[in-house]
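Just below is one structure, and these are the notes that go with it.
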Amino acid sequence: MTDNNRLATASKDDIAAAVARLAGASASGVPCAPVRDLIGRDDLAAAYAVQAALTRRRLAAGARITGRKIGLTSPAVQRQLGVDQPDFGVLFDDMAYADGDAVPAGRILQPRVEAEIAFLLRTDLADGPLDAAQVRDAIEYGMAALEICDSRIAWWDISLGDTVADNASAGAYVLGTQARTLGQVEPVDVTMTMSIDGEEVSTGSGSDCLGDPVEAVVWLARTARDLGEPLRAGQVVLSGALGPMRPVFPGSTVTATLSGLGAVTVGFSEGVAA
């Protein structure tokens, strides 16, 4: 990942301290204090520098990047954090679960779940205008997905800088089994319902994701290229929530149904963390 330290107003020592704090929370399983005291609330260069350093640690430990996630695509969430743009994080191979799997107890520190459309890329998005036409052409197909968000920061007490540094609050993800091309399903027209243990808890549509999930991927493609790590063929992109995120607890089962893309389900195991 590109080193953004030279662009940040936070010092290298403060960036390193933020990295150590978040890495310690991940290793111990104990959420930590926010890192905004070190890198500021909205110094995006510093926050992405922390994220990149944590990514390098994950890669050095043997993890493999499988894609990206887009966050803060909801106008309501943007207003809550006082921002006017999305953010993104990195997906790793050990974050992926199959439809119907149960996430082991303790694997996610503070799980919250949201439903969205995932896209698989068939070509790189590294050159050219990276406009909607190019992005649509690069998408192999879309799938229903559940993103299991997490925060290494205690009580989800986050600012923009905190969540960006903490890999955009990424935890895990689950992909549905029905793959559909953009010729078969138009993302902006998709409607979503999500239930926990059979009770409907979230609804929304494609238009709730930056107006159109494809436009969210346009934003990501341009931002990722600007930061020196463009999107690549074979990667998965979680395009952003179609409805409100909801907390989940051990023993819960979450199912989302997306029109044209089918359903996707994940459970959360009870018991003591391994």
Side-chain angles (χ1 to χ4, degrees), residues 1-6 8 10-35 38-39 44-71 87-98 101-112 118 120-121 124 145-154 156 158 161-175 220 223-224 227-238 266 268-269 271-274:
M1 301 291 288
T2 299
D3 184 353
N4 296 306
N5 290 13
R6 62 186 177 84
S11 72
K12 289 184 178 181
D13 286 346
D14 283 341
I15 289 170
V19 170
R21 186 180 296 176
L22 290 167
S26 293
S28 68
V30 178
C32 63
V35 295
L38 298 168
I39 63 169
L44 284 177
Y48 279 116
V50 173
Q51 184 187 121
L54 290 166
T55 294
R56 290 192 293 269
R57 286 189 175 207
R58 293 286 302 273
L59 295 175
R64 180 175 60 85
I65 292 175
T66 55
R68 309 285 177 84
K69 63 146 290 183
I70 309 172
D87 68 350
F88 75 85
V90 179
L91 301 178
F92 298 96
D93 54 341
D94 61 357
M95 291 181 174
Y97 288 86
D101 277 355
V103 178
R107 167 65 179 79
I108 307 297
L109 302 186
Q110 303 179 98
R112 296 181 178 184
L120 181 71
L121 300 180
D124 292 352
L146 289 168
E147 181 183 354
I148 306 166
C149 302
D150 195 12
S151 182
R152 272 54 62 174
I153 294 167
W156 280 85
I158 57 173
D162 293 307
T163 187
V164 169
D166 188 25
N167 199 25
S169 302
Y173 65 97
V174 187
L175 302 180
L220 175 63
T223 303
L227 292 175
E229 293 291 338
L231 301 177
R232 298 298 183 185
Q235 290 186 338
V236 172
V237 174
L238 300 181
V266 69
F268 293 85
S269 297
V272 179

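Side chains are part of it too, since the values below use all heavy atoms of this structure and drop only hydrogens, waters and symmetry mates. Quick note: residue numbers are just sequence positions, from 1. Just so it is clear, the model here is predicted, and its values are computed rather than measured.
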Do [X] and [Y] make a side-chain contact, defined as non-hydrogen atoms from C-beta onward lying under 4.5 Å apart?
| X | Y | result |
| --- | --- | --- |
| Phe268 | Ile148 | yes |
| Asp166 | Ile158 | no |
| Thr66 | Val236 | no |
| Tyr173 | Val266 | no |
| Trp156 | Gln110 | yes |
| Leu22 | Val50 | yes |
| Val103 | Ile108 | yes |

If you look at every heavy atom in [X] and [Y], which pair is closest and at what distance?
| X | Y | result |
| --- | --- | --- |
| Arg21 | Ala33 | CD-O, 3.4 Å |
| Arg57 | Ala23 | NH1-CB, 3.3 Å |
| Ala49 | Ile15 | CB-CD1, 4.1 Å |
| Met95 | Arg58 | CE-NH1, 4.2 Å |
| Gly106 | Leu109 | O-CD2, 4.3 Å |
| Val90 | Ala170 | O-CB, 4.4 Å |

Stepwise side-chain contact (heavy atoms from CB on, under 4.5 Å) check, Thr55 with Ile65:
CA-CA 9 Å; Thr55 294; Ile65 292 175; 4.2 Å; yes
I need the Leu54 CG to Ser26 OG distance, nearest 0.5 Å.
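Nearest 0.5 Å value for the CG-OG distance: 7.0 Å.
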Return the CG to CD distance between Asp124 and Gln235, rounded to the nearest 0.5 Å.
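It comes to 8.5 Å.
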Distance-only polar pair, side chains of Ser169 and Ser151, donor-acceptor under 3.5 Å:
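No, because no side-chain N or O of Ser169 sits under 3.5 Å from a partner of the opposite role on Ser151.
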Could you check Arg232 against Arg68 for side-chain contact (heavy atoms from CB on, under 4.5 Å), going step by step and ending with a plain yes or no?
CA-CA 10 Å; Arg232 298 298 183 185; Arg68 309 285 177 84; over 6 Å; no
Looking at Asp14 and Lys12, is any side-chain nitrogen of the basic one under 4.0 Å from a carboxylate oxygen of the acidic one?
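Not counted as a salt bridge, because no side-chain N and carboxylate O are separated by less than 4.0 Å.
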